[in-house]
A.B. asks: 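Attaching a single structure in structure tokens format; questions to follow.
One-based numbering, in listed order, for ligands and for the atoms of each.
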Amino acid sequence: MIDPFGREITYLRISVTDRCDFRCKYCMSENMTFLPKKDVLSLEELEQIAAAFVRKGVRKLRITGGEPLVRKGIMELFRSLGLYLKSGELDELTLTTNGSQLAKYADELYDAGVRRLNVSLDTLDPYRFQDITRWGNFEKVMKGIEAAQKAGLKIKINTVAMKGFNDTEFDALIRWCGEKGMDITFIETMPMGEIDGLRSDQYLPLSEVKQQLNETWTLAPSTYRTGGPSDYFDCAETGGRVGFITPLSHNFCESCNRVRLTCTGMLYMCLGQEDNADLKKVLRGPGGYAALDTAIDAAIGRKPKGHDFVINRQTDGQPAVPRHMNVTGG
Ligand code: SAM
Ligand code: SF4
């Protein structure tokens, strides 16, 4: 699949639920209305759409959400998608998780073929953790990370950099990740969905963070690539990698290789744009797999050049896109 700007689409991210056991302040408001269950694709339907993308050349799948591991029966989906790894049709099956359910599922994920995963963690301070996640349990996440490592899963930590919240903790997070053999990626806050509070109060350009980190750490540009938007640096002191995802201060759309499926079967060709394709309607319609393939081709043919996220005081009232991050997944 090649889009109108010559980019090959080889990566599909699937949000399997919009629900979550946390209420991170930058992601959701405290009182969220979730989708009625009837609107959500069944696990079989998610698998059918994923299979269509694999047929069309997708080599990497990431399961996300909401919190993917709170979806009932989710291991069935991992097991069925894992078969494409065994057949050689897929290079990687991975997930992004808040870590709360990892102690329960780490071994099963490994058995399904998952080898790497991203865990989102913004602070090492249990009180701050409670504050930012509202409903999270720090101990449970720590136990989850431990269990995942024990199961043989390689972890990358994702940290949203927030002014006045965790900006004094970046060194400690890098040190901690280094000690545990985990890479870390810092992410800028993106203006997605209405939240309680102003985004410009939180927004911290990662160019500033990088400058600050250069005072403590020797960060050399890394040749490591994951096919993602992260710019990696090798950290001489820890031996680990430090990545930066900068959707606002530096646009990375030129190399975008991905599209995103929501749990209701809407395909978004860009995280920061509203255009989408309703694959649920096609899947449940009379056209079968051929119609699904045609609908996917048409959608890829409309993939936009890029997003135009901006955060400033003028735009604070209106998020760049009305969808919350839990709809399309991070
Ligand atoms: N629940 C899982 C988790 O937290 O890892 C997966 C879904 S979550 C939406 C995926 C990622 O998006 C997380 O790393 C989270 O920190 C990030 N995220 C959520 N809202 C964001 C926002 N407005 N700006 C930047 N990153 C955001
Ligand atoms: Fe849930 Fe992840 Fe959003 Fe936090 S960032 S509320 S863990 S979906």
Side-chain angles (χ1 to χ4, degrees), residues 13-32 34-35 62-71 74 94-102 105 116-123 129-138 140-141 144-145 148 155-163 165-166 173 183-206 209 228-230 243-249 252 258 260-263 268 271-272 307 309-311 315-316 319-330:
R13 298 170 82 118
I14 308 176
S15 174
V16 295
T17 177
D18 62 333
R19 291 166 195 254
C20 187
D21 50 345
F22 291 8
R23 290 288 180 280
C24 301
K25 286 181 173 169
Y26 49 80
C27 178
M28 295 190 185
S29 56
E30 185 147 27
N31 298 307
M32 294 285 288
F34 292 110
L35 292 161
R62 178 177 297 277
I63 307 301
T64 179
E67 174 47 41
L69 298 183
V70 300
R71 171 124 191 209
I74 191 65
T94 184
L95 70 150
T96 301
T97 172
N98 65 23
S100 71
Q101 309 300 312
L102 275 178
Y105 289 129
R116 292 192 312 146
L117 54 89
N118 292 350
V119 177
S120 306
L121 182 72
D122 303 318
T123 174
F129 182 86
Q130 195 66 59
D131 175 35
I132 198 76
T133 64
R134 291 192 185 106
W135 296 6
N137 179 329
F138 184 74
K140 219 169 155 192
V141 172
I145 290 175
I155 295 180
K156 176 168 77 74
I157 296 293
N158 277 349
T159 300
V160 178
M162 283 165 281
K163 191 162 61 184
F165 174 72
N166 58 1
L173 279 158
D183 292 341
I184 179 166
T185 293
F186 293 101
I187 308 173
E188 283 173 350
T189 332
M190 290 177 251
M192 300 196 59
E194 302 259 357
I195 53 165
D196 312 321
L198 288 181
R199 290 207 188 265
S200 58
D201 289 344
Q202 296 176 336
Y203 176 57
L204 183 58
L206 287 184
V209 175
S230 195
F244 299 90
I245 300 186
T246 53
L248 285 112
S249 59
F252 45 62
R258 67 201 51 200
R260 298 159 198 268
L261 182 74
T262 71
C263 62
Y268 283 91
L271 183 63
H307 64 70
F309 287 141
V310 195
I311 291 185
T315 58
D316 246 347
V321 287
R323 306 188 312 274
H324 282 92
M325 195 68 150
N326 65 314
V327 174
T328 7

A.B. asks: I'd like to know if the side chain of Gln130 reaches the main chain of Arg134, judged simply by a donor and an acceptor atom lying under 3.5 Å from each other, with no hydrogens or angles considered.
C.D. replies: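 Checking the backbone N and O of Arg134 against the side chain of Gln130, a donor-acceptor pair under 3.5 Å is found.
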
A.B. asks: Among Cys24, Cys20, Gly66, which one has a heavy atom closest to atom 6 (C) of ligand 1?
C.D. replies: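 Looking at heavy atoms only, Gly66 sits closest to atom 6 (C) of ligand 1.
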
A.B. asks: Which atoms of ligand 1 sit under 4.0 Å from any heavy atom of Val160?
C.D. replies: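 Close to Val160: 16 (O), 26 (N).
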
A.B. asks: Relative to the heavy atoms of Gly65, which atoms of ligand 1 are at a distance of less than 4.0 Å?
C.D. replies: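 Matching atoms, with element in brackets: 7 (C), 9 (C).
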
A.B. asks: Would you find a donor on one side and an acceptor on the other, under 3.5 Å apart, between the side chain of Arg19 and the backbone of Leu35?
C.D. replies: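 Confirmed, Arg19 side chain pairs with Leu35 backbone.
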
A.B. asks: Pick whichever of Glu67, Lys25, Arg19, Met28 has a heavy atom sitting closest to atom 2 (C) of ligand 1.
C.D. replies: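 Looking at heavy atoms only, Glu67 sits closest to atom 2 (C) of ligand 1.
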
A.B. asks: Might you point out which heavy atoms bring Asn166 and Val160 nearest each other, and give the distance in Å?
C.D. replies: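 Residues Asn166 and Val160, closest heavy atoms: ND2-O, 2.8 Å.
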
A.B. asks: Within a distance under 4.0 Å of any heavy atom of Thr64, pick out the atoms of ligand 1 and give their elements.
C.D. replies: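 In order of numbering, the contacting atoms are 6 (C), 7 (C).
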
A.B. asks: Ignoring hydrogens and angles, state whether a donor on the side chain of Thr97 or Glu67 is under 3.5 Å from an acceptor on the partner side chain.
C.D. replies: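 Their side chains do contain a donor-acceptor pair, which is all the 3.5 Å distance test asks for.
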
A.B. asks: Which option, Ser120, Gly136, Cys27, owns the non-hydrogen atom nearest atom 5 (O) of ligand 1?
C.D. replies: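 Selected option, by shortest heavy-atom distance: Ser120.
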
A.B. asks: So that I can check it, does any N, O or S atom in Cys27 come closer than 2.8 Å to atom 4 (Fe) of ligand 2?
C.D. replies: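 Cys27 does not place any N, O or S atom closer than 2.8 Å to atom 4 (Fe) of ligand 2.
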
A.B. asks: If you take all heavy atoms of Thr96 and Ser120, which pair is closest and at what distance?
C.D. replies: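 What the structure gives for the nearest pair is CG2-OG, 4.0 Å.
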
A.B. asks: Hey, is Gly66 one of the residues with a heavy atom under 4.0 angstrom from ligand 2?
C.D. replies: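 A heavy atom of Gly66 does come that close to ligand 2.
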
A.B. asks: Check whether Glu188 reaches the backbone of Leu206 with its side chain - one donor and one acceptor, N or O, closer than 3.5 Å.
C.D. replies: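 It does hold such a pair.
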
A.B. asks: With heavy atoms of Glu188 as the reference, note each atom of ligand 1 found under 4.0 Å away.
C.D. replies: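 Selected atoms, number and element: 24 (N), 25 (C).
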
A.B. asks: Which of the atoms of ligand 1 are close to Thr189, meaning less than 4.0 Å from one of its heavy atoms?
C.D. replies: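 This gives 24 (N), 25 (C) as the contact atoms.
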
A.B. asks: Within the stated cut-off of 2.8 Å, is an N/O/S atom of Cys20 closer than that to atom 1 (Fe) of ligand 2?
C.D. replies: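 Yes, Cys20 qualifies, because one of its backbone or side-chain N, O or S atoms lies under 2.8 Å.
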
A.B. asks: With heavy atoms of Phe22 as the reference, note each atom of ligand 2 found under 4.0 Å away.
C.D. replies: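 Listed by number with element, the hits are 6 (S), 7 (S).
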
A.B. asks: Is it true that Ser15 and Arg260 share a donor-acceptor pair across their side chains at a distance under 3.5 Å?
C.D. replies: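 On atom types as modelled, these side chains do not qualify, holding no pair under 3.5 Å.
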
A.B. asks: Using the side chain to side chain donor-acceptor pair (under 3.5 Å) rule, pick out the option among Asp131, Thr133, Asp122 that qualifies with Lys25.
C.D. replies: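 In the set Asp131, Thr133, Asp122, the residue that makes a side chain to side chain donor-acceptor pair (under 3.5 Å) with Lys25 is Asp131.
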
A.B. asks: Under 4.0 Å from any heavy atom of Thr97, which atoms of ligand 1 are there?
C.D. replies: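 Reading through ligand 1 atom by atom, the close ones are 2 (C), 3 (C), 5 (O).
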
A.B. asks: Would you confirm whether Arg71, through its side chain, and Val16, through its main-chain N or O, come within 3.5 Å as a donor-acceptor pair?
C.D. replies: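 At least one qualifying donor-acceptor pair exists.
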
